[in-house]
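Accompanying notes for the structure given below.
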Amino acid sequence: MPPMSIMSRISRVFLLGSTVAALGYGQARADQALPNILWITSEDNGPHLGCYGDSYAVTPNLDRLAKRSLRYTKASSTAPVCAPARTTIISGIYPPATGAEHMRSMTRLPVDFKMYPVYLRELGYYCTNNSKEDYNLEKVGNVWDDGGRKAHWKNRPDGKPFFAIFNHTISHESQIRNKINPADRIHDPAKVRLPAYHPDTPEVRKDWAQYHDRITMMDKLVGKNLRELEEAGLADDTIVFYYGDHGSGMPRSKRWPYFSGLNVPLIIHVPEKFKHLAPPEYKTGGSSDRLVGFIDLAPTLISIAGAKAPAHMQGHAFMGQHTAPAQKFSFGFRGRMDERYDMVRTVFDGRHVYIRNYMPHKPYGQYLDYMFQTPTTRVWHDLYHAGKLNAAQSAFWQTKPAEELYDLEADPDEVNNLARSKDHSDVMKRMRRAHRSWAAEVRDVGFLPEAEIHSRAGDDSPYEVGHDNSRYNFNAIFKAANAASRKGKKTTEQLPGLIRSDDSAVRYWAAMGYLIRGKNGVRKGREALVAALEDKSPSVRIIAAEALGRYGKNLEAKRAAKVLMQYADPAKNGIRLSMLALNALDVIGEHANPHREAIAKMARIDPKANPRMRNYANRLIGRITSKSK
């Protein structure tokens, strides 16, 4: 689909939204009363359930639900971490298109776009959320009829169909490492299957066992939700969804867009009276390998309610009156995770996982304060630095290739990278084309540095920036990012021209390209990088300074460190520039040493930042200053 002008697209959305509102509850239910819809969600667990063939799992309630439902085997969360994944659901738009891909960032939709519960409410539903939101988008107006720990479908007005969410946090990553009641510790660590990338240690086995213990505890809560429905006599009137909010909370699954980080359990039960709304492949107790994901949930809900989704939604309904054809690919992404920057995009065709790393110089296992609280992460890290891991286990602590390709049929743990395999060259070409087409179609603004996502938007939204060629030349920026992140003679020869571009995002990627190439890159681009220390864009200055601070000559590195210090204080520069500069200071080694005292004394927070991300600079400052002790 060729990109539209922003005004024509907004106009289409406004007209369609008005149509949905005008349709109203009465017309939407013309031939049949609307079904109730119950969503039961859990956190940080992949399909490690008995009904998905995991013999180690103890999940009787979900197993019983699956026997009378349809189970999806290749459902995707789009993002491998909670906030961006939930942002996908609530908007029906890929977060890279709304500028919301970065963990706990905060941005906004165009004024005429609505979160999906608003459309459901306009169609007659009573909508409740109990209780997690965690969106990277501002809520405007009244999104839910009720939200919080007491929100419940039981509180709906008489005669109203309900859409109700119950979210269970007991399986969250944090619960893997927390104390657990001995009565709930039912999984034997000695019997757990470890993925090929994890070392076999008591700590790792204990974490995996407790992960399964927590899933069993979550299963009991699901049983309670289902019993409430049955006891109220509403089971025959209610379509039930169960899904996890992204893959496993164990390290290298959560936060990484491998299949293990994106694949979620998705079970849908459709009662007999609403079988006309069921997915085409629906079979009681059956399974489907259709590619569906969080991007499809909002259009699917609206389709169940009898209306077409607004044109701006980027997913496809897979059940209801407006079911779309099955898709050939599903797409995923990774942006900044807490305090650490990265940029990854993925394509999945049902068998192969293609991963495009745009910042391959950064190791997979960057130090994240929250992730390192899990014992598995710490022992895995320590064993790597002690030289006690094999190749598959070591890869996580090393830098990345530009591209990865995995065949899930032969390699379910995704450790054998086939990107350079001649036998898979056709697959690689197909997946690259799919990635390029998707990024262009959704207008992926994640190729902008995070600070520029917001500065270019001004009073508009990042989505509008992405659809305005005068503010976002996607083709030029994408080509620059592609060249920068691929080492090679031809791509390296492009960098001198790119760093002289009029577009700051192109210059940003050119500076990144020299950084990615390490000592040889900085040697070739030294003059351009020194000039870039005075670039009009702070983001370009910071990346140029990181390159010179890591690989430049002594005087250049000292000057680079001073440039980074200019942007490190979050109170003076804002959280986004501060994080970019502090990340650079954390990796320039001895050249940061003269500044550690000043870093320790600077402000720890940006008072203007969204509270959810306000502590990230503090974590980086603590990490940097601790190295001097």
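Salt bridge present: Asp338 and Arg619 bring a charged side-chain N and a carboxylate O closer than 4.0 Å. Checked for salt-bridge contact, Lys254 and Asp245 miss the test: no charged N lies under 4.0 Å from a carboxylate O. Asp586 has a carboxylate O that lies under 4.0 Å from a charged side-chain N of Lys627, or vice versa, which qualifies the two as a salt bridge. Here Asp134 pairs with Arg612 in a salt bridge; the nearest charged N to carboxylate O distance falls below 4.0 Å. Remark: Asp503 engages Arg456 in a salt bridge, criterion side-chain N to carboxylate O under 4.0 Å. Ion pairing between a basic and an acidic side chain is recognised when a charged N comes within 4.0 Å of a carboxylate O; Glu450 and Arg336 show such pairing. One finds a salt bridge joining Arg471 and Asp460 here, because a Lys/Arg side-chain nitrogen approaches an Asp/Glu carboxylate oxygen to under 4.0 Å.
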- Task: List the steps and the verdict of ring pair (Phe, Tyr, Trp, His ring centres under 6.0 Å) for Phe447 and Tyr508.
- Result: CA-CA 10 Å; Phe447 291 94; Tyr508 165 85; over 10 Å; no
- Message: Would Asn583 and Arg340 count as a side chain to side chain donor-acceptor pair (under 3.5 Å) here? Give the steps.
- Response: CA-CA 7 Å; Asn583 269 280; Arg340 298 294 184 180; 3.0 Å; yes
- Message: Let's go through His385 and Asp382 carefully: what are the C-alpha distance in whole Å and the side-chain angles of both, what is the deciding distance for side chain to side chain donor-acceptor pair (under 3.5 Å) to 0.1 Å, and is it a yes or a no?
- Response: CA-CA 5 Å; His385 287 282; Asp382 292 347; over 6 Å; no
- Step by step, would you call Asp349 with Lys328 a salt bridge (Lys or Arg N to Asp or Glu O under 4.0 Å)? CA-CA 6 Å; Asp349 66 0; Lys328 294 181 179 179; over 6 Å; no
- Message: I'd like to know whether His102 forms a side chain to side chain contact (heavy atoms under 4.5 Å, CB included) with Arg576, so could you lay out the CA-CA distance, the side-chain angles of the two residues, the decisive distance to 0.1 Å, and finally the verdict.
- Response: CA-CA 11 Å; His102 297 298; Arg576 301 177 191 96; over 6 Å; no
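Distance check, rounded to the nearest 0.5 Å: CG of Leu291 to CD of Gln327 gives 8.5 Å. The distance from the CH2 atom of Trp509 to the CG atom of Leu448 is 10.0 Å, given to the nearest 0.5 Å. To the nearest 0.5 Å, atoms CZ (Arg334) and CD1 (Ile355) are separated by 10.5 Å. For the atom pair CD of Glu452 and CG of Leu577, the computed distance is 9.0 Å after rounding to the nearest 0.5 Å. Here Tyr341 contributes atom OH and Leu582 contributes atom CG; the two are 10.0 Å apart, rounded to the nearest 0.5 Å. Rounding to the nearest 0.5 Å gives a distance of 8.0 Å between OG of Ser105 and CG of Leu137.
Between Trp397 and Tyr364, the ring centre distance reaches or exceeds 6.0 Å. Annotation: Phe372 is in aromatic contact with Tyr367 [ring centroid separation under 6.0 Å]. Between Phe333 and Tyr94, a ring centre-to-centre spacing not shorter than 6.0 Å is recorded. Aromatic rings of Phe331 and Phe348 (six-membered ring for Trp) have centroids beyond the 6.0 Å cut-off, not under it.
With hydrogens and angles ignored, the 3.5 Å screen pairs a side-chain donor or acceptor of Asn390 with a backbone N or O of Gln393. Asn573 places a side-chain N or O within 3.5 Å of a backbone atom of Asp569 that can act as its donor or acceptor partner. Looking only at distances, a side-chain donor or acceptor of Arg378 sits under 3.5 Å from a matching main-chain atom of Gln373. With hydrogens and angles disregarded, no donor-acceptor distance shorter than 3.5 Å links the side chain of Thr492 to the backbone of Lys489. When atom types are taken as modelled, the side chain of Arg596 and the backbone of Ile624 share a donor-acceptor pair closer than 3.5 angstrom. A side-chain donor-acceptor contact under 3.5 Å links Glu464 to the backbone of Ser461. The closest donor-acceptor contact from the side chain of Thr98 to the backbone of Pro95 lies under 3.5 Å. Distance alone, capped at 3.5 Å, places no donor-acceptor pair between the Asn357 side chain and the Val344 backbone. Remark: the backbone N or O of Arg614 is not paired with any side-chain donor or acceptor of Arg604 at under 3.5 angstrom. A donor-acceptor pair under 3.5 Å links the side-chain atoms of Asp44 to the main chain of Glu173, judged by distance alone.
Looking at Met359 and Ser485, their side chains never come closer than 4.5 Å, going by heavy atoms from C-beta outward. Taking 4.5 Å as the limit, every side-chain heavy atom of Leu262 sits out of range of all side-chain heavy atoms of His246. In this structure, Thr107 and His454 have side chains that are in contact, with non-hydrogen atoms separated by less than 4.5 Å. Pro84 is not listed as a side-chain neighbour of Glu101, based on a closest heavy-atom distance of 4.5 Å or more. Looking at Trp380 and Phe396, their side chains come closer than 4.5 Å, going by heavy atoms from C-beta outward. When side chains are defined from C-beta on, Tyr463 does not count as touching Leu109, because their heavy atoms never get closer than 4.5 Å. Side-chain atoms of Ser539 and Leu580, non-hydrogen and from C-beta on, do get closer than 4.5 Å to each other. Contact check for Ile516 versus Pro360: side-chain heavy atoms found under the 4.5 Å cut-off.
Each salt bridge (Lys or Arg N to Asp or Glu O under 4.0 Å) pair with one or both residues in residues 357-377, not counting sequence neighbours, would appear here, but there are none.
Side-chain atoms of Asn482 and Arg436 include no donor-acceptor pair closer than 3.5 Å.
Remark: of the listed residues Met428, Glu404, Arg345, Arg430, Met428 is the sole one forming a side chain to side chain contact (heavy atoms under 4.5 Å, CB included) with Tyr354. Tested against Glu556, the residues Arg550, Lys562, Arg526 include a single salt bridge (Lys or Arg N to Asp or Glu O under 4.0 Å) partner, Arg526.
A pairwise comparison of heavy atoms in Leu585 and Ala568 identifies CD1-CB, 3.8 Å as the closest pair. When all heavy atoms of Ala544 and Leu529 are compared, the pair lying nearest together is CB-O, 3.8 Å. For Glu534 against Arg541, the heavy-atom pair with the smallest separation is C-NE, 3.9 Å. The two residues Pro401 and Asn417 come nearest to each other via the heavy atoms CG-ND2, 3.8 Å. Closest of all the heavy-atom pairs between Arg507 and Asp535 is NE-OD2, 2.7 Å. Leu564 approaches Ile588 most closely through the heavy-atom pair CD1-CD1, 4.1 Å.
Under the 6.0 Å distance and 45° angle rule, Arg177 counts as a cation-pi partner of Tyr370. A cation-pi contact, defined as under 6.0 Å to the ring centre and within 45° of the axis, is absent between Arg443 and Tyr472.
Dense packing is recorded around CG of Asn554, with more than 12 heavy atoms of other residues, nucleotides or ligands lying under 6.0 Å away. Within a 6.0 Å sphere centred on NZ of Lys139, other residues, nucleotides and ligands contribute more than 12 heavy atoms.
Every side chain to side chain contact (heavy atoms under 4.5 Å, CB included) that Val264 has, sequence neighbours left out, goes to Ala75, Ser77, Phe294.
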